[in-house]
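Report on the structure given below.
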Amino acid sequence: MNIVEVIQDQVIKGVKTLYGADVAPEQAVVSPTRKEFEGNYTVVVFPFTRAAKKKPEMIGEELGAYLVQEVPELESFNVIKGFLNLVVADTYWAQLVDDIYEQTNYGLQPRNGRKVMVEFSSPNTNKPLHLGHIRNILLGWSAYKILDAVGYDVVRVQIVNDRGIAICKSMLAWQRFADGATPGSTDTKSDHFVGDYYVRFEKEFRAEYEAWQETAAAEKVYEAEKKEELSKAAFFKAYKDKYFNQYSELGGAAKEMLRKWEANDPATRTLWERMNQWVYDGFNETYEKLGVTFDRLYYESQTYLLGKQLVDKGMDSGTFYKKEDGSVWADLEDAKLDHKTILRSDGTSLYVTQDLGTAHQRYEDFGVEKMIYVVADEQNYHFQVLFEILKRLEEPYADGLYHLSYGMVDLPSGRMKSREGTVVDADDLVAEVIEEARLNSAERDTTADLSEDQRQDIIRKIALAALKFFIIKVHPKKRMVFDPKESVDLRGQTGPYIQNAYVRIQSVIRNAGQFDLVAASSYTGLNDEERELTQLLFGFPQLIQTAANEMDPSHIAAFCYDMAKAYHKFYHEHSILSAESEAARAFRLKLSMAVSNTLRTGMDLLGIEMPERM
RNA sequence: GGCUCCGUAGCUCAACUGGAUAGAGCACCUGACUACGGAUCAGGAGGUUUAAGGUUCGAAUCCUUACGGAGUCACCA
């Protein structure tokens, strides 16, 4: 039991002893004392006024005396209004630092033997990755790291959407317009190469559509279907999908390609495999740059037929029902989710069907008890439906399903729109932040003695820290504004600010040379900055647990920033190597090492690497 | 329109889940290296937490209502 738990426990006992009342643990609030007051932890006594029938000040005095009596680590207390501030003895903090300063795994829990899965990224194979994928990937990776930190074995997966009309558009455009060009022959990153043909298709299609609008056939359609309130331009804008399906030559050809693909036509399959491979090669390059890997890939082309056996199961159990036209439905009205189609009337499956089957398949593959899906919040409804159905089907993992839903990423100019070409490409973005870090690095001579390779590696780490921290510090649920200019900032509340604190510590340790730390044990009278750092260190394991419970990496980001900030302040206020005594020097070195280890661990949970110098 | 989510300093974000005088960064202004890394630190200015009610000893947080924004409501994914 740690000090906070001990205090809470004794508060409950104290209220019982002093006033004969029972209080629930959530009533016994123990929080860190605000900076402007003396003390380390504060107990709010207002909840006990009813039972005690006394003024809050009086309760504070009585409970404070009781706690100091019962808890040896508590040195003294003071009461301000209804707040009981408790002072923990320095020896307790000193002991904590002594216990952890050499632990490189401080805060991490032992393996618990339980298995979970995190699904993230999950791109379509017709376009390169963009800023939205980056938020997804960072959240997914961090979720993996955090779950791993609290003891789970985590399987990282993604579902690759490798089939469908979109990839057929790229394939068709390549077939018609590429004249045999390849990523190699054009010196284009291979996923971008495929994406370019997707764009090409859309461009050709638009031209075709515009030309068609001038024809007599189009005029006839317009006259037949026009509505009073719609202008001609607006009508045709809304008519686009219908045109694609009914009249378009290109649309017809793309759909024909999809039919051939589904019929396993060898030539189509070969082209499909070739182009998808280009995309995968490109994705892998981007993943490598971002420092993420997967344990297992699921491909939609292999899973889109799964789920039909679950449909049978649902029919047998009455979870699903069949309409006269043969389509299969789930009635989720009592869960306020309406009726949902599970199978088309022609017996083919849908998005939900596929996800039902994939979930089941994953359980068979890995036996995981939890599945975390990192998917944008536009799919909230889909996941509610999916989870509800799996629960009704009594799938064994159904209670462990979690949709890590995150908000869209906006630009200062508004929403990213692929139509308007405002989508921020992932590779471009990474290149941009690296360039910015390079410029900043060039202004300094701190790494002048290192090799070019080492310098490039440091620049890469700084750049990615800036980018990743900028995104991960925001609460996942919230829609966020991504300002490219701010994302490359290296000062203030940023990743590099935290790296800088770490690098400073490495520098101090290097400059310390050979040192002996035994004198630390006789150090007393911690100053405010030392106590602040120590108390932060103390809270780290619980913080990770909280982040895991809430699936929220932004807590970790805030913590790392707070700790770096506290260290920078400490560093300015007190000399370490020229400390006033041997004991102070030794203690501060230990404290610095503990902070260094904790920062590295914390940032690793966000997928951010620490350079030794910068 | 139904359901869900969001609204905090000029801007980007916090607030330990109902606790003390709502905190950081950016931008702006003023200071600090013959001290271990100035990618730093100290200070200033900036708020009726969209609005109005309610619950409570105590509300940015919970409950109504209004306003503003977003998402979603396919036999698409």
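Residue numbers start from 1 in every chain, and the chains themselves are labelled A, B, ... in the order their sequence lines are given, proteins ahead of strands.
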_Please give the distance between the P atoms of B:rG47 and B:rG71 as a whole number of Å._
32 Å
Exercise for review: Look at the side-chain N and O atoms of A:Arg479 and state whether any lies under 4.0 Å from the OP1 or OP2 oxygen of B:rG69.
Suggested key: no
When rounded to the nearest 0.5 Å, the distance separating CD of A:Glu580 from NE2 of A:His574 is 8.5 Å
Any A:Lys340 side-chain nitrogen or oxygen under 4.0 Å from OP1 or OP2 of B:rA74:
no
| said: Quick one: does any side-chain atom of A:Ser592 pair with a main-chain N or O of A:Arg588 as donor and acceptor, under 3.5 Å? | reply: yes
Testing B:rG37, B:rC16, B:rC6 for proximity to the side chain of A:Pro32, the answer is B:rC16
Regarding A:Tyr321 and A:Asp331, do their side chains bring together a donor and an acceptor under 3.5 Å, going by distance alone?
no
Please determine, by modelled atom types, if A:Thr42 and A:Thr33 share a side-chain donor-acceptor pair under 3.5 angstrom.
-> yes
Using the P atom in both, what is the distance from B:rG43 to B:rC26, to the nearest Å? 14 Å
Kindly confirm whether the side-chain ring of A:Phe46 is stacked on the base of B:rG58, judged by centres under 5.5 Å and planes under 30°.
-> no
Exercise. Could you work out the separation of B:rG46 and B:rC11 based on their C1' atoms and round it to a whole Å?
Key: 12 Å
Of B:rA20, B:rG37, B:rC13, the nucleotide closest to the side chain of A:Val481 is B:rC13
Query raised in the report: When you check the gap from the basic side-chain N to the acidic O, do A:Arg613 and A:Asp449 get nearer than 4.0 Å?
Result: yes
Picking from B:rA20, B:rC36, B:rA39, the nucleotide nearest the side-chain atoms of A:Arg491 would be B:rA39
Whole-Å distance, A:Lys473 NZ to B:rU12 P, equals 11 Å
Q) What do the steps show when you test A:Phe469 against A:Tyr497 for ring pair (Phe, Tyr, Trp, His ring centres under 6.0 Å), and what is the final call? A) CA-CA 10 Å; A:Phe469 192 84; A:Tyr497 173 94; 9.1 Å; no
- Whole-Å P distance, B:rG53 and B:rU61: 14 Å
Rounded to whole Å, CD of A:Glu486 lies from P of B:rC11 at a distance of 12 Å
When A:Met408 and A:Ser441 are each assigned the nearest nucleotide of RNA chain B, the 5'-most assignment goes to A:Ser441
Rounded to whole Å, the NE2-C1' distance (A:His382 to B:rA74) equals 13 Å
Using the P atom on both, measure B:rA15 against B:rA9 and round to a whole Å. 15 Å
Quick note, A:Arg344 side chain, CB onward, closest among B:rA77, B:rC36, B:rC57 is B:rA77
Of the candidates B:rG38, B:rU17, B:rA14, the side chain of A:His555 sits closest to B:rU17
How far, in whole Å, is B:rG19 from B:rC76 if one measures between their C1' atoms?
49 Å
Picking from B:rA22, B:rU72, B:rA39, the nucleotide nearest the side-chain atoms of A:Tyr381 would be B:rU72
B:rG23 phosphate, OP1 or OP2, under 4.0 Å from A:Arg34 side-chain N/O:
yes
Classified by glycosidic angle (syn within 90° of 0, else anti), B:rU65 comes out anti
Worksheet item: Side-chain donor-acceptor pair under 3.5 Å between A:Glu119 and A:Tyr298, yes or no?
Response: no
When rounded to whole Å, the CD to C1' distance for the pair A:Glu300 and B:rC76 reads 11 Å
A:Gln27 atom CD is separated from B:rG58 atom P, nearest whole Å, by 16 Å
A:Lys478 side-chain N/O to B:rG7 phosphate OP1/OP2 under 4.0 Å:
yes
| said: For the P atoms, the ones on B:rU21 and on B:rG58, what distance do you get once it is rounded to whole angstrom? | reply: 13 Å
*Less than 5.5 Å between centroids and less than 30° between ring planes, does A:Phe37 satisfy that with B:rA20?*
yes
Separation between CZ (A:Arg460) and CG (A:Asp457), nearest 0.5 Å, reads 5.0 Å
Side-chain contact check for A:Pro496: nearest option of B:rA39, B:rG38, B:rA70 is B:rA39
Rounded to whole Å, NZ of A:Lys54 lies from C1' of B:rC57 at a distance of 18 Å
Among the nucleotides B:rG25, B:rA39, B:rU17, whichever has the atom closest to the side chain of A:Gln493 is B:rG25
Under 4.0 Å between a side-chain N/O of A:Asn511 and OP1 or OP2 of B:rG37, yes or no? yes
Using a distance-only test with no angle check, is there a side-chain donor-acceptor pair under 3.5 angstrom linking A:Asn85 and A:Asn78?
yes
(Q) Pair A:Tyr567, A:Phe570 - check ring pair (Phe, Tyr, Trp, His ring centres under 6.0 Å), show working. (A) CA-CA 5 Å; A:Tyr567 190 84; A:Phe570 159 75; 5.4 Å; yes
What does the list of N/O pairs under 3.5 Å between the protein and nucleotides 41-45 of chain B look like, with a distance for each?
residue	atom	partner	partner atom	Å
B:rC41	OP1	A:Tyr497	OH	2.4
B:rC41	O4'	A:His572	NE2	3.3
B:rA42	OP1	A:Lys569	NZ	3.4

Ranking B:rU12, B:rA77, B:rG37 by distance to the side chain of A:Gln379, first place goes to B:rA77
Encoded 5' to 3' (Watson-Crick or G-U under 3.5 Å; [ ] crossing; | other strand), RNA chain B becomes (((((((..((((.....[...)))).(((((.......))))).....(((((..]....))))))))))))....
Phosphate-side-chain proximity, A:Arg444 and B:rG38, N/O vs OP1/OP2 below 4.0 Å: no
Q) Just by distance, with hydrogens left out, do A:Tyr351 and A:Gln379 show a side-chain donor and acceptor under 3.5 Å apart? A) yes
Any side-chain donor paired with an acceptor under 3.5 Å for A:Thr125 and A:Asn276?
yes
When rounded to the nearest Å, what value does the distance between C1' atoms of B:rG23 and B:rU64 take?
30 Å
Electrostatic pair A:Lys55:A:Glu57 at N-O distance under 4.0 angstrom: no
Between NE2 of A:His574 and P of B:rA32 the distance, given in whole Å, is 21 Å
Is there, by distance only and without an angle test, a donor paired with an acceptor across the side chain of A:Glu550 and the base of B:rU17 below 3.5 Å?
yes
Among B:rC6, B:rG71, B:rA39, the one nearest any side-chain atom of A:Lys477 is B:rC6
